[in-house]
Amino acid sequence: MTALTWVLEVGEVERFGAVRQAVSYCGLCAAQKESGGKESRGPISKKRNKHLQTVLVEAAKLAPHWNPQLAEIHERELRKGNKNRATLAVARKLVAYMLAVEKSKKDFEVTAPYQAA
């Protein structure tokens with residue numbers, strides 16, 4: 001369902017030059033306000049594709065149960081103390097994965113995490 005929503009809502013992925021542009025399009029980044037040389041960040045942006053945002057957040061809640069790399073990201077963010085931020089970090093990684101898969105035109109494969117000797 002997530003991949004189908006991604007394909008239907010995003011269209012041509014070539015319009016995103018970087019992962020952060022796709023993350024912004026999906027509404028998974030903080031709203032940024034700047035005035036008088038001062039910058040502040042608020043809650044996640046309201047300028048977004050709401051269908052894609054909803055699907056990605058829901059997928060990010062389940063993904064750590066099935067993917068060890070996403071579970072590691074989730075755990076790392078949870079140690080910082082905020083469950084919602086952990087979910088958003090996983091959702092952002094899902095966007096990066098889908099963007100890479102679509103641009104490379106290859107199937108997604110889970111690789112073993114790097115193990116130090």
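All of these numbers come straight from a predicted model, not from anything done at the bench.
Criterion: ILVMFWY side-chain heavy atoms under 4.5 Å apart, direct or through other members. Under it, Val55 and Leu94 are not part of a common hydrophobic cluster. Taken together through direct or relayed side-chain contacts under 4.5 Å among Ile, Leu, Val, Met, Phe, Trp and Tyr, Val10 and Met98 form part of one hydrophobic cluster. Each of Leu62 and Val95 belongs to its own hydrophobic cluster when Ile, Leu, Val, Met, Phe, Trp and Tyr are linked at side-chain heavy-atom distances under 4.5 angstrom.
For the pair Glu75 (side chain) and Ala71 (backbone), a donor-acceptor distance under 3.5 Å is absent. Between the side chain of Glu102 and the backbone N or O of Leu99, no donor-acceptor pair lies under 3.5 Å. Judged by distance alone, the side chain of Ser104 and the main-chain N or O of Ala100 form a donor-acceptor pair under 3.5 Å.
Between Cys29 and Ser24, the shortest heavy-atom contact is SG-CA, 3.7 Å. Across all non-hydrogen atoms, the minimal contact from Ala60 to Ala91 is CB-N, 3.5 Å.
For the pair Lys106 and Val101, the minimum side-chain heavy-atom distance is 4.5 Å or more. Side chains of Tyr97 and Val19 form no contact here, defined as non-hydrogen atoms less than 4.5 Å apart. No side-chain heavy atom of Cys26 sits less than 4.5 Å from a side-chain heavy atom of Asn49. Between His74 and Leu70, the closest side-chain pair of non-hydrogen atoms is not below 4.5 Å.
To the nearest 0.5 angstrom, Lys93 atom NZ is 4.5 Å from Ile73 atom CD1. Here the CG atom belonging to Leu88 is positioned 8.0 Å from the CD atom belonging to Gln53, to the nearest 0.5 angstrom. Put simply, CG on Leu78 and CZ on Arg85 are 12.5 Å apart, with the number rounded to the nearest 0.5 Å. Note: Thr5 OG1 to His51 NE2 = 9.5 Å, rounded to the nearest 0.5 Å.
Counted within 6.0 Å of NZ on Lys50, heavy atoms from surrounding residues, nucleotides or ligands total 12 or fewer; the atom is thus considered open. Surrounding CD of Glu14 are more than 12 heavy atoms belonging to other residues, nucleotides or ligands, all under 6.0 Å away.
Salt-bridge annotation for Lys80 and Glu77: present, with a side-chain N of the basic residue lying under 4.0 Å from a carboxylate O of the acidic one.
Geometric assessment of Arg15 against the ring of Tyr25 yields a positive cation-pi assignment under the 6.0 Å and 45° thresholds.
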